2 protein chains.
Amino acid sequence: MKKTITRTPYHHGDLRQTLIAAATELLLTEGIDGLSLRKLAERVGVSRTAPYHHFKDKGQLLSAIAAEGFRQRTEQAQRLFEDDSLSAELRFSLFFRDYIAFATASAPMYELMFGSPIWHNQQQTEELKQAAYPCFAQQLEMTKQWQAQGLLPAEQSPLRLAQVIWGAMHGIARLVNDGIYADASHVGEMIDCAVALFVRR
Amino acid sequence: MKKTITRTPYHHGDLRQTLIAAATELLLTEGIDGLSLRKLAERVGVSRTAPYHHFKDKGQLLSAIAAEGFRQRTEQAQRLFEDDSLSAELRFSLFFRDYIAFATASAPMYELMFGSPIWHNQQQTEELKQAAYPCFAQQLEMTKQWQAQGLLPAEQSPLRLAQVIWGAMHGIARLVNDGIYADASHVGEMIDCAVALFVRR
DNA sequence: CAAGCAATCTTGACAGTGTCAAAATAGCCC
DNA sequence: GGGCTATTTTGACACTGTCAAGATTGCTTG
């Protein structure tokens, strides 16, 4: 029967990547709750269960999107870390600022990356872990460097310090994105305050 | 017709409070995603739409639970703030520690209290705001006191400092609860590290 | 005491969701 | 060209939140 809708043939070609791209767009425009597999499939022009050939379930699709978010953030931080023209203090300050900017510029992506659906119930995919953990490992290396340069307190364990710095950035980002006790108009001064607390002058 | 299930009469008596109590229990045992109105109604022994007479929608029921969580946390902190036997530094350290303990002891409650479903889309109830904001206002007052006592840096804006402290506690709590870059075995040292960064000795 | 009204519930129904299994289609290889 | 595999569609199910109409119950008033 001749169908009026332009439907892809059974072998789409690269449905997996197409689904990830379209789902990322849906996520950014309608948020995590607005992203459903049925809406996604309709937008891509396949049936609602076509994604199940490429992803075990919805969670694995979301994990694939989050993994890409981590890779983008890791590359962004790497460019900053490799900028030799910056003082240690300026680099730390920009690192903190860039993190919050990344989180608030794409709040739904950030919520997905750090949201419980993909991290709970032992459901993390290998791809997600392999994208997420280097992001932290990179910051841990920079933390050691900042301690060696006297910028951050050398008496603290680098790992604990890196965790606390990440926790502070993460908490500020979440409060601002969720609009609890802070909002976008507060961000600049909050970052200045936080940086001032961490660095040793 | 004689029914075999023990069904409450139409006028339950105090269905609103019963729903809140039962929903809190469901939340703590099965998490936010495991809490559905149908499951809740069945547990309480009413029909699935009985809650709609007491709550506009599911979001308002969740907000009522979260408001109670904020009240409990506010009372807990107040007891600490009123303990005159503690030094300023010990009080701050315990404040930080008690917050993380509160968050990690009831992770699903904490996730509800600070989760996006009840804070987004301009859907905050008055009850939620009236419970949540005093919790922060109380900490802001203590922050001013700690600054006056020389424990925290006096040159920072009290409001920004209070926001950053809350952000740090919030971020650490979330990372630990979600198991991203930190877990329960790290908490003690992370708190010690964070407190050491904030206080002036 | 009965009627009327309001409060409070139940039932029928709908739209949407994620997921599974069976069937259909299409590409590739021998 | 037939067989096999990969990839899709379709039928179906269970679950969810919510709405409207109807039923039940309690209270008030005449």
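Sequence lines set the chain letters: A, B, ... in the order given, protein chains first and strands last, and positions in each chain run from 1. Quick caveat: nothing in here was measured; it's all calculated off a predicted structure.
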> Using atom CZ of Phe55(B) as one end and atom P of dC9(C) as the other, report the distance to the nearest whole Å.
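Checked: the CZ to P distance equals 11 Å.
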> Taking the six-membered ring for Trp and the full ring for Phe, Tyr or His, determine whether the centres of Trp146(B) and Phe95(B) are under 6.0 Å apart.
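Yes: the rings meet the under 6.0 Å criterion.
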> Checking contacts here: which listed nucleotide (dG18(C), dC9(C), dT18(D)) is nearest the side-chain heavy atoms of Tyr10(B)?
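The answer is dC9(C), which lies nearest to the side chain.
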> Tell me whether the centres of the aromatic rings in Phe70(B) and Tyr133(B) are closer together than 6.0 Å.
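When the ring centroids of Phe70(B) and Tyr133(B) are compared, they turn out to be at least 6.0 Å apart.
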> Are OP1 or OP2 of dT10(C) and a side-chain N or O of Thr49(B) less than 4.0 angstrom apart?
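So the side chain of Thr49(B) is outside the cut-off, no N or O lying under 4.0 Å from OP1 or OP2 of dT10(C).
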> Quick check for you: to the nearest 0.5 Å, what is the distance between Asp83(A) atom CG and Gln78(A) atom CD?
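Going from the CG atom of Asp83(A) to the CD atom of Gln78(A) covers 12.0 Å.
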> Starting at NZ of Lys58(B) and ending at C1' of dC15(D), how long is that distance when rounded to a whole Å?
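These atoms are roughly 11 Å apart.
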> Out of dG18(C), dC9(C), dG17(D), which has the shortest distance to the side chain of Arg38(A)?
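The nucleotide sitting nearest to the side chain is dG18(C).
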> Which whole-number value in Å describes the distance from Leu15(A) CG to dA6(D) P?
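Result: 16 Å.
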> Output the rounded distance in Å from NE2 (His53(A)) to P (dT7(D)).
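So the NE2-P distance, His53(A) to dT7(D), works out to 3 Å.
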> Within the 4.5 Å heavy-atom criterion, are Ile20(A) and Glu68(A) side-chain neighbours or not?
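A side-chain contact is absent here, since even the closest heavy-atom pair is not under 4.5 Å.
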> Over how many whole Å does the gap from Leu61(A) atom CG to dT19(C) atom P extend?
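Leu61(A) atom CG is separated from dT19(C) atom P by 10 Å.
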> Just how far, in rounded Å, is C1' of dC13(D) from OH of Tyr52(A)?
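For the pair Tyr52(A) OH and dC13(D) C1', the rounded distance is 13 Å.
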> Answer yes or no: are there more than 12 heavy-atom neighbours, outside Glu42(B) itself, under 6.0 Å from its atom CD?
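No - once you tally the heavy atoms of other residues, nucleotides and ligands closer than 6.0 Å, there are 12 at most.
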> Under 4.0 Å between a side-chain N/O of His11(B) and OP1 or OP2 of dC27(D), yes or no?
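Looking at the OP1 and OP2 atoms of dC27(D), neither is under 4.0 Å from any side-chain N or O of His11(B).
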> In whole angstrom, what separates Gln123(A)'s CD from dG18(C)'s C1'?
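Distance check: Gln123(A) CD to dG18(C) C1' gives 13 Å.
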> Report the nucleotide, chosen from dG18(C), dT16(D), dT9(D), that has the shortest atom-to-atom distance to any side-chain atom of Lys39(B).
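Per side-chain heavy atoms of Lys39(B), the pick is dT16(D).
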> Find the distance Leu40(B):CG to dT18(D):P and express it as a whole number of Å.
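So the CG-P distance, Leu40(B) to dT18(D), works out to 13 Å.
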> Per the atom types in the model, does the base of dG16(C) pair as donor or acceptor with the side chain of Arg48(A) at under 3.5 Å?
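Answer is no: no donor-acceptor pair is held.
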> Which of these nucleotides, dC14(C), dG18(C), dC9(C), is closest to any side-chain atom of Ala50(B)?
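Comparing dC14(C), dG18(C), dC9(C) against the side chain of Ala50(B), the answer is dC9(C).
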